[in-house]
S.K.: 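The structure that follows is given in the form of structure tokens.
It should be emphasised that the depicted structure is a prediction, and the values quoted were computed from it without experimental measurement. Because only heavy atoms are used, hydrogens play no part in the values below, and waters and symmetry mates are left out as well, while side chains stay in. Throughout, a chain's letter reflects where its sequence line sits, starting with A, and its residues are numbered from 1.
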Amino acid sequence: MVEYSSPNTNKPLHLGHLRNNFLGWSVAEILKANGYEVLKSCIVNDRGIHICKSMIAWQLFANGATPQSTNTKGDHFVGEYYVKFNDEYKRQVNELTASGMTAEEAEKKAPVMLAAQQMLQDWEKGDKDVLELWKKMNGWVYEGFEVTYKNIGSDFDKTYYESDTYLLGKRIVEDGLTKGVFTKDGDGSVWIDLTADGLDRKIVQRKDGTSVYITQDIGLALQKYEEYKIDKSIYVIGDEQNYHMKVLKLIAEKLGLPNAENIFHLSYGMVELPSGKMKSREGTVVDADDMVTEMCETARQHTEALGKVKDFSANELESLYRTIGMGAMKFYLLRVDPRKKMIFNPEESIDFHGFTGPFVQYTYARIRSILRKESPDEQKPVSDTLLKLEKDILHKLEQFPAVIAQAASELNPSEIANYVFHVAKAFNTFYAEHSVANAESEEKKQLRLRLSVMTSNVLKTGMHLLGIEVPERM
RNA sequence: GGUCCGGUAGCUCAGUUGGAUAGAGCAUCAGCCUUCUAAGCUGAGGGUCAUUGGUUCGAAUCCAAUCCGGAUCACCA
């Protein structure tokens, strides 16, 4: 099982989430290509203090506004209130410190923060009004996410909701207490001591009895196993959570959960801006929806400038722009080693030349153009000698199965991206030097037609493993 | 401070089970469209592989130290 995406329902998706989504989807496909049975799953972090924050802000500032009334996409609408909460929180903290409170005290006593904490307790108690507001606002976010997921091609076989799994987590905490894995402090909070394993003491339940982040993860780990008896549980989660995942696995082992040793954290690096890390709360994020729109727009400009598809219908054009725009974006995010952090400079938009998605797509379209005019004839003899550039292509093509296996064993789609680029490069070099249609002999022509078919198949299959479509013409 | 990750061309990245002149793409410069799509092809310039020491016939790759950058160690998620 590959768990990926895992959004919070308090803000829209950004570029970092896109890396996660593309990576998770691609890893799942690569594993399938190696014969594994794969389930794609998603845990929606739909409850918790962060959700309450946007709910509080909506109550305070919205005056009943809705996504419909403001004509805003639902996830963006709710995200605005998450930002408003943090603005108000900062303002209140400043006010309190100005009146003589220490910063630490002010952060705990700010009225909006107290209100959010109270709301979380009310939520866990099942307060009717709180639950109703929660459902309403999450509903808005889901409507927004649905659009984004459809755009970027993310899909899931199973979606889990934290609001369903946290109770199982809390039950496991109870069990752990009786087993002596966890201990309760004087104030009622529950802890696990991992100092013997080189880590720290970690809280698993707050003194007010509400659950923390890791509580639901423990519950989910068990639930996944009980439902599907999975033998490998891959979590596609950012490397900022390395410690958290280490703790999760350790706790699972100490609790004796049946699948503890199958938990694997596919840790990927953050996408950073030249100015540093993206922060939702400070508005320094590259929004996922904006990014998609921009890429398709850039694809349109390039396509129009080249003027090769003037006979396309409006629908065909729209679909082509999406194919190229998304191809450029996915390839860009998947071509580097997932474990490494990467820097994205919004000033320099994603390239369409060189080591890019459109380069590979272009090579494919070029080959299809040849094959529309002529296809190999199985009856005719094939040249039995290979020129250097023909041999180069064949040599590359032969590596495909090994590359797929390698990508699977490393859970690394960049292996595929690099490979597919080199195949395309080899074909283009050949293409500039030799002609297929006007080959020196009929045998040569047959050979080259077959090479073309094989190359186009490898490119198409390889790109599919990255979640990228290839166009017949561009 | 503890733990973990990283530092390769102006920029973004490959290469790290030790092996020949360290590779791409972008950017710069010079060429290539009367024949299958120039989103392409060919070539040039550009590197003390952070630094120092060690192991080795041989180090970008292994070891140690140092410097620089980042993540994390929350009753946030």
S.K.: I want to check one thing: is the phosphate of rC73(B), taken as OP1 and OP2, less than 4.0 Å away from some side-chain N or O of R201(A)?
M.R.: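 Checking R201(A) against rC73(B): no side-chain N or O falls below 4.0 Å of OP1 or OP2.
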
S.K.: Considering only the P atoms, how many Å lie between rU72(B) and rA60(B), rounded to the nearest integer?
M.R.: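 Looking at atom P only, rU72(B) and rA60(B) are 34 Å apart.
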
S.K.: Closest approach to the side chain of W191(A), judged atom by atom: which nucleotide of rC75(B), rA24(B), rG70(B) is it?
M.R.: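 Among the listed nucleotides, the one closest to the side chain of W191(A) is rC75(B).
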
S.K.: Between rC36(B), rC73(B), rA77(B), which one does the side chain of A437(A) approach most closely?
M.R.: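 Of the options given, the side chain of A437(A) lies nearest rC36(B).
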
S.K.: Do the side chain of S369(A) and the base of rC36(B) come within less than 3.5 angstrom through a donor-acceptor pair of N or O atoms?
M.R.: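 Under the 3.5 Å cut-off, the side chain and the base do not form any donor-acceptor pair.
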
S.K.: Give the ring-plane orientation class for H302(A) versus H353(A), where under 30° counts as parallel, over 60° as perpendicular and anything between as tilted.
M.R.: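 Geometry flag for H353(A) against H302(A): tilted rings.
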
S.K.: Which part of the nucleic acid does S452(A) contact within heavy-atom distance under 4.0 Å: base, sugar-phosphate only, or nothing?
M.R.: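 S452(A): no heavy atom of the nucleic acid under 4.0 Å.
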
S.K.: In whole Å, I'd like the distance from the CG atom of L120(A) to the P atom of rC76(B).
M.R.: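 Atom CG in L120(A) sits about 9 Å away from atom P in rC76(B).
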
S.K.: Could you please name the option among rA77(B), rA74(B), rU37(B) that lies closest to any side-chain atom of H50(A)?
M.R.: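 Of all the options, the side chain of H50(A) is nearest to rA77(B).
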
S.K.: Among rC36(B), rC75(B), rC13(B), find the nucleotide with the atom closest to the side chain of M342(A).
M.R.: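 Nearest listed nucleotide: rC13(B).
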
S.K.: Would you kindly give the CG-to-P distance between D217(A) and rC76(B), to the nearest whole Å?
M.R.: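 For the pair D217(A) CG and rC76(B) P, the rounded distance is 16 Å.
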
S.K.: Hydrogens and angles aside, do D46(A) and S163(A) bring a side-chain donor and acceptor to less than 3.5 Å of each other?
M.R.: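 Indeed, the side chains of D46(A) and S163(A) share at least one donor-acceptor pair under 3.5 Å.
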
S.K.: Could you let me know what rC13(B) is paired to, Watson-Crick or G-U wobble, both distances under 3.5 Å, or none if it's on its own?
M.R.: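 Paired with rC13(B), as far as the under-3.5 Å criterion goes, is rG23(B).
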
S.K.: Does a side-chain N or O from K373(A) land closer than 4.0 Å to OP1 or OP2 of rU37(B), or not?
M.R.: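 Checking rU37(B) against K373(A), a side-chain N or O does come within under 4.0 Å of OP1 or OP2.
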
S.K.: If the glycosidic angle is within 90 degrees of 0 it's syn, otherwise anti, so just tell me which one rC33(B) is.
M.R.: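 Nucleotide rC33(B) adopts syn.
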
S.K.: Will you find, in the side chains of R47(A) and N138(A), an N or O donor that is under 3.5 Å from an N or O acceptor?
M.R.: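 N138(A) and R47(A) do not have a side-chain donor-acceptor pair below 3.5 Å.
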
S.K.: If we take the P atom in both rU66(B) and rU3(B), what is their distance in whole Å?
M.R.: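 Per the computed distance, 12 Å lies between those P atoms.
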
S.K.: Which part of the nucleic acid does Q216(A) contact within heavy-atom distance under 4.0 Å: base, sugar-phosphate only, or nothing?
M.R.: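 No contact.
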
S.K.: Has Y431(A) got its ring stacked on the base of rC36(B), with centres under 5.5 Å and planes less than 30° apart?
M.R.: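 Per 5.5 Å and 30° rule: yes, stacked.
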
S.K.: Heavy atoms only, 4.0 Å cut-off, all strands: where does S435(A) land among base, sugar-phosphate and nothing?
M.R.: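 Base, at least one base atom sits under 4.0 Å.
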
S.K.: May I have the distance from D200(A) (atom CG) to rU3(B) (atom C1'), rounded to whole angstrom?
M.R.: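 Distance check: D200(A) CG to rU3(B) C1' gives 9 Å.
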
S.K.: Take atom NE2 of H353(A) and atom P of rC41(B), then tell me their distance rounded to the nearest Å.
M.R.: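 Taking NE2 of H353(A) and P of rC41(B), I get 11 Å after rounding.
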
S.K.: I need the CG-P distance between D46(A) and rA77(B), as an integer number of Å.
M.R.: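 In whole Å, rA77(B) P lies 13 Å from D46(A) CG.
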
S.K.: Roughly how many Å apart are rA38(B) and rA44(B), using the P atom of each and rounding to a whole number?
M.R.: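 Going atom to atom, P in each nucleotide, I get 23 Å.
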
S.K.: Could you tell me how far rA65(B) sits from rG70(B) if I compare only their P atoms? Round to whole Å.
M.R.: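 My reading of the P atoms in rG70(B) and rA65(B) gives 22 Å.
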
S.K.: Among the nucleotides rG70(B), rA39(B), rC75(B), which one has an atom lying closest to any side-chain atom of K341(A)?
M.R.: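 Of the candidates, rG70(B) comes closest.
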
S.K.: Under 3.5 Å for both donor-acceptor distances, Watson-Crick or wobble: does rG40(B) have a partner, and if so which one?
M.R.: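 Answer to the pairing question: rC32(B), which forms a Watson-Crick or G-U pair with rG40(B).
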
S.K.: In whole angstrom, what separates L306(A)'s CG from rG40(B)'s P?
M.R.: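 Nearest whole value for this atom pair: 10 Å.
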
S.K.: So what's rC67(B) paired with, Watson-Crick or G-U wobble, going by both distances under 3.5 Å?
M.R.: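 Paired with rC67(B), as far as the under-3.5 Å criterion goes, is rG7(B).
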
S.K.: Distance check: side-chain N/O of K425(A) vs OP1/OP2 of rC41(B), anything under 4.0 Å?
M.R.: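 For K425(A), the contact criterion (side-chain N or O under 4.0 Å from OP1 or OP2 of rC41(B)) is met.
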
S.K.: Cation-pi check, K246(A) to Y243(A): give yes when NZ or CZ is under 6.0 Å from the six-membered ring centre and within 45° of the ring axis, no otherwise.
M.R.: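 So K246(A) doesn't make the cation-pi contact.
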
S.K.: Please compare N242(A) and F355(A) by the position of their nearest nucleotide in RNA chain B and report the one closer to 5'.
M.R.: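 Result: N242(A).
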
S.K.: Side-chain donor-acceptor pair under 3.5 Å between T356(A) and D351(A), yes or no?
M.R.: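 Result is no, nothing qualifies.
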
S.K.: How far does the P atom of rC63(B) sit from the matching atom of rG18(B), given to the nearest Å?
M.R.: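 It works out to 11 Å between them.
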
S.K.: Can you sort out the partners of F156(A) under ring-ring contact (aromatic ring centres under 6.0 Å, His included), two or more places apart, ordered by chain and number?
M.R.: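 ring-ring contact (aromatic ring centres under 6.0 Å, His included) list for F156(A), sorted by chain: Y4(A), Y149(A).
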
S.K.: Should the pair R339(A) and Y268(A) be classed as cation-pi, given the thresholds of under 6.0 Å to the six-membered ring centre and 45° from the axis?
M.R.: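 No, cation not above the ring by the 6.0 Å, 45° rule.
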
S.K.: Return yes when atom CD of E415(A) has more than 12 non-hydrogen atoms of other residues, nucleotides or ligands closer than 6.0 Å, and no otherwise.
M.R.: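 More than 12 heavy atoms, drawn from other residues, nucleotides or ligands, come within 6.0 Å of this atom.
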
S.K.: Applying a 4.0 Å non-hydrogen cut-off, can you work out what R339(A) is touching in the nucleic acid: base, sugar-phosphate, or nothing?
M.R.: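 Since no nucleic acid heavy atom lies under 4.0 Å of R339(A), the category is nothing.
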
S.K.: Among rC36(B), rA38(B), rA24(B), find the nucleotide with the atom closest to the side chain of K308(A).
M.R.: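 Selected nucleotide: rA38(B).
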
S.K.: Please determine, for the side chain of F421(A), which listed nucleotide (rU72(B), rG25(B), rC41(B)) has the closest atom?
M.R.: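 Closest nucleotide to the F421(A) side chain: rG25(B).
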
S.K.: How many whole angstroms separate atom CG of D239(A) from atom P of rC4(B)?
M.R.: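 Going from D239(A) (CG) to rC4(B) (P), I get 15 Å.
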
S.K.: Hydrogens and angles aside, do Q241(A) and Y213(A) bring a side-chain donor and acceptor to less than 3.5 Å of each other?
M.R.: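 Checked: Q241(A)/Y213(A) side chains pair up, N/O donor to acceptor below 3.5 Å.
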
S.K.: R206(A) side chain N/O closer than 4.0 Å to the phosphate oxygens (OP1, OP2) of rA74(B)?
M.R.: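 For rA74(B), neither OP1 nor OP2 has a side-chain N or O of R206(A) closer than 4.0 Å.
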
S.K.: Between Y235(A) and F264(A), is the ring centre distance below 6.0 Å?
M.R.: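 Ring-ring flag for Y235(A)/F264(A): false, centres at least 6.0 Å apart.
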
S.K.: Would you measure the distance from the P atom in rU61(B) across to the matching atom in rU8(B) and give it in whole Å?
M.R.: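 Approximately 14 Å lies between the P atom of rU61(B) and that of rU8(B).
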
S.K.: Heavy atoms under 4.0 Å, any strand shown: does M474(A) hit a base, just sugar-phosphate, or nothing?
M.R.: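 The answer is base, as M474(A) lies within the cut-off (heavy atoms under 4.0 Å) of a base atom.
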
S.K.: State whether the side chain of Q223(A) and the backbone N or O of L168(A) hold a donor-acceptor pair below 3.5 Å, judged by distance alone.
M.R.: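 No, the answer is negative, given that no donor and acceptor are paired below the 3.5 Å cut-off.
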
S.K.: Please state the P separation for the pair rC26(B) and rC68(B) - nearest whole angstrom.
M.R.: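 Here rC26(B) and rC68(B) have their P atoms 36 Å from each other.
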
S.K.: Within the sub-3.5 Å range, which N or O atoms of nucleotides 14-18 of chain B have a protein N or O partner, and how far apart are they?
M.R.:
from: rA14(B); atom 1: OP1; to: D337(A); atom 2: N; distance (Å): 2.8
from: rA14(B); atom 1: OP2; to: K340(A); atom 2: NZ; distance (Å): 3.2

S.K.: Give the nucleotide from the list rU37(B), rG70(B), rC75(B) with an atom nearest to the side chain of S189(A).
M.R.: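 In terms of side-chain proximity for S189(A), the closest of rU37(B), rG70(B), rC75(B) is rC75(B).
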
S.K.: Pairing check on rA59(B): which nucleotide meets the Watson-Crick or G-U wobble criteria with it, both distances under 3.5 Å?
M.R.: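 Paired with no nucleotide.
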
S.K.: In whole angstrom, what separates I324(A)'s CD1 from rA39(B)'s P?
M.R.: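 One finds 11 Å between P of rA39(B) and CD1 of I324(A), rounded.
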
S.K.: Determine the Euclidean distance between corresponding C1' atoms of rA22(B) and rG46(B); express it in Å to zero decimal places.
M.R.: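 Pairwise C1' distance, rG46(B) against rA22(B), rounds to 14 Å.
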
S.K.: For RNA chain B, whose closest nucleotide is more 5', that of F359(A) or that of T356(A)?
M.R.: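 Closest to the 5' end, via its nearest nucleotide, is T356(A).
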
S.K.: Give K207(A) one of three labels, base, sugar-phosphate or nothing, depending on what nucleic acid heavy atoms sit under 4.0 Å from its own.
M.R.: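 Result for K207(A) = base.
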
S.K.: Mind checking salt bridge (charged side-chain N to carboxylate O under 4.0 Å, His left out) for R322(A) and listing every partner two or more places apart, or none if nothing turns up?
M.R.: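 In terms of salt bridge (charged side-chain N to carboxylate O under 4.0 Å, His left out), with neighbours along the sequence ignored, R322(A) is linked to no residue.
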
S.K.: When you check the phosphate oxygens OP1 and OP2 of rA39(B), does a side-chain N or O of Y362(A) lie under 4.0 Å from one of them?
M.R.: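 The answer is yes; a side-chain N or O of Y362(A) sits under 4.0 Å from OP1 or OP2.
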
